[in-house]
Protein chains: 2
Amino acid sequence: MENDELPADVAAMWRLRETPRRGPKPSLTLDDIVGAAIEIADAEDLAAVSMARVADRLGNSTMALYRHVKSKDELLVIMSDAALERPDPMPEGVDWRTGLTFWADGVLTAIRRHRWYAKVPISGPPAGPNNLAWFDSALGVLKDTGLPEEAKVGVVMGLITYVQGEIRMAFDLAAGYADNPDAFQRFGSTLRRVADPRVYPAVARSVEAGVFDEVGSFEEDNEADFDFGLQLYLDGVAAFIDRVCVKGE
Amino acid sequence: MENDELPADVAAMWRLRETPRRGPKPSLTLDDIVGAAIEIADAEDLAAVSMARVADRLGNSTMALYRHVKSKDELLVIMSDAALERPDPMPEGVDWRTGLTFWADGVLTAIRRHRWYAKVPISGPPAGPNNLAWFDSALGVLKDTGLPEEAKVGVVMGLITYVQGEIRMAFDLAAGYADNPDAFQRFGSTLRRVADPRVYPAVARSVEAGVFDEVGSFEEDNEADFDFGLQLYLDGVAAFIDRVCVKGE
DNA sequence: CTAAATAGCGTAGCATCTACGCAGTGTCGC
DNA sequence: GCGACACTGCGTAGATGCTACGCTATTTAG
């Protein structure tokens, strides 16, 4: 095997690690470990994932895990690739704009099943099989736009950044809301108390208009915000495509 | 004082906590603590900020800090507001688009001085004095667009999300790059080895085109990507403004 | 059957956050 | 001036976390 040059975590995600031939049979698989870690993170939180808890859930001792995983960080990286299922196949013959909307909605629902996903720090370009599948799906939608390859990659990376950023913020806010709903409900009155209109005139205008006083249903609001921001970004992409290649799609 | 209704962290950020009248003089200020924590985070990392290290740097014991701060999380929230200096005043009479570009560049340079900022989880709407100043600045730029207040807030929140997401991802990637530059330099060849063109056709096309083989200077690339995505978003905002209020700006 | 390679795991070290309660100190009311 | 009281700082200790190291048991190649 010539996978010496592959980074360790990439090799692990593609299950390319050399299988040894001698020695006792492993009572533990990488898949077991990753699966248990994902279950814990789904049920509680990414912070609840500790090597001890994962091992406990598998009936093994903590240190046994380190035969299969080099460090906890590596486990997190592998988890985050495994948790994303493959994207649904793109409907045939869609234009790039509906395609990317479809794609972004797919990302949103996929991550909704594993809210901790947005908290794993991104350490590099998408290198695992599942992340790469999503990347490929978005890139494929742009095939007929006439953009040069590099620009396609740029557009998709920007989209990933937007979607992840939006999701992360939405989930953080939702967690804050769950912790302390009052802080949100009373945000308007908090601002009225604390924000001097002479120092914060624009905020004061919005406060006066009552923008911060109605707190709608959280989930639905987020869905709407997500689409709103997404369409703004896609408007920008459309303008970009027109600018770059005048022949259009 | 009638600040009973204010959330504890908000009261702390605005320095509205009741000053006691009896008892020994505090040898420690909230400002001291926050300042020391920021210094540690600037010099090393957000992960390096522990109550013990902060106390050490101040020549106090760990537990002394808990007289001024309810928990470490509260300290993080207060830190993240204190670290953002006030925005530069907006140039007089700019149109909204150059204004928001100016604003976004300001955020970028402000956070560049405190890279850990992007790692603090957002727990609610911007409630500290500095964060609120930035919020006000962006909101003020949209004054003459004719958008309803709620839409302005939506646009600014979307912009914050985009900017923070972009910055966070850029910094995460930069950290990953610093850890392991090879993974980036060889990303093209990694993909060639691991990504079957039949499964990942669009990725394969980009790989073939050599998109992943040239790794430019990191800082400059990021600056360009940031502006690129920002302009896309602003194009979207422009379209939105036209759609909502036809009379224009 | 022997020897090598490999799996699991016990121990221990180190760092983290923080609950609890005690001792000392400075101020207010009289 | 003087006592009572409120408040500060801090020591201890527990809970939890990651992981280096090395021992023992197990399995298979030869």
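Nothing here was measured: the structure is a model prediction, and the numbers come from that model. In what follows, chains are A, B, ... by sequence order, proteins preceding strands, each numbered from 1.
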Checklist entry - Starting at CG of A/Asp45 and ending at C1' of D/dT16, how long is that distance when rounded to a whole Å? => result 15 Å

Item to check | Length of the NZ-C1' vector between A/Lys25 and C/dA5, whole Å | outcome: 16 Å

Next on the checklist: On DNA chain C, does the nearest nucleotide to B/Arg67 precede the nearest nucleotide to B/Ser71 from the 5' side, or the other way round? Give the residue.
Outcome noted: B/Ser71

Next on the checklist: Heavy atoms only, 4.0 Å cut-off, all strands: where does A/Met63 land among base, sugar-phosphate and nothing?
Outcome noted: base

Next on the checklist: Which label fits A/Tyr162 and A/Tyr233: parallel for a plane angle under 30°, tilted from 30 to 60°, or perpendicular past 60°?
Outcome noted: parallel

Checklist entry - Given A/Val54 and A/Thr62, is the side chain to side chain contact (heavy atoms under 4.5 Å, CB included) satisfied, shown in steps? => result CA-CA 8 Å; A/Val54 174; A/Thr62 307; over 6 Å; no

Next on the checklist: Go nucleotide by nucleotide along DNA chain D from the 5' end; which of A/Lys70 and A/Ala48 gets its closest nucleotide reached first?
Outcome noted: A/Ala48

Next on the checklist: Is there a side-chain contact between B/Val69 and B/Val34 in this structure, where contact means two heavy atoms from C-beta onward sitting under 4.5 Å apart?
Outcome noted: no

Next on the checklist: Measure CG/A/Asp32 against P/C/dG8 and give the value in whole Å, please.
Outcome noted: 10 Å

Item to check | Side-chain N,O (A/Ser61) to OP1/OP2 (C/dG8) below 4.0 Å | outcome: no

Checklist entry - What is the distance from CE of A/Met51 to P of C/dC9, rounded to the nearest Å? => result 14 Å

Next on the checklist: Of the listed nucleotides (C/dG8, D/dT19, D/dT8), which one gets closest to any side-chain atom of A/Lys72?
Outcome noted: D/dT19

Item to check | Rounded distance in Å - CG (B/Leu65) to C1' (C/dA19) | outcome: 15 Å

Item to check | Between D/dC10 (P) and B/Leu58 (CG): distance, integer Å | outcome: 11 Å

Checklist entry - In whole angstroms, how far is the P atom of D/dC18 from the CG atom of A/Asp56? => result 12 Å

Next on the checklist: Can you tell me which residue among A/Arg53, A/Arg115, A/Arg57 is in a salt bridge (charged side-chain N to carboxylate O under 4.0 Å, His left out) with A/Glu44?
Outcome noted: A/Arg53

Next on the checklist: Can you tell me which nucleotide in D/dA25, C/dC9, C/dT18 comes closest to the side chain of B/Tyr66?
Outcome noted: C/dT18

Next on the checklist: Using whole Å, what does the distance between atom C1' of nucleotide D/dT19 and atom NE2 of A/His68 come to?
Outcome noted: 16 Å

Checklist entry - How is A/Ser27 classified with respect to the nucleic acid when contacts are heavy atoms under 4.0 Å: base, sugar-phosphate, or nothing? => result sugar-phosphate

Checklist entry - Got B/His114 and B/Trp116 here, is their nearest side-chain heavy-atom distance under 4.5 Å? => result yes

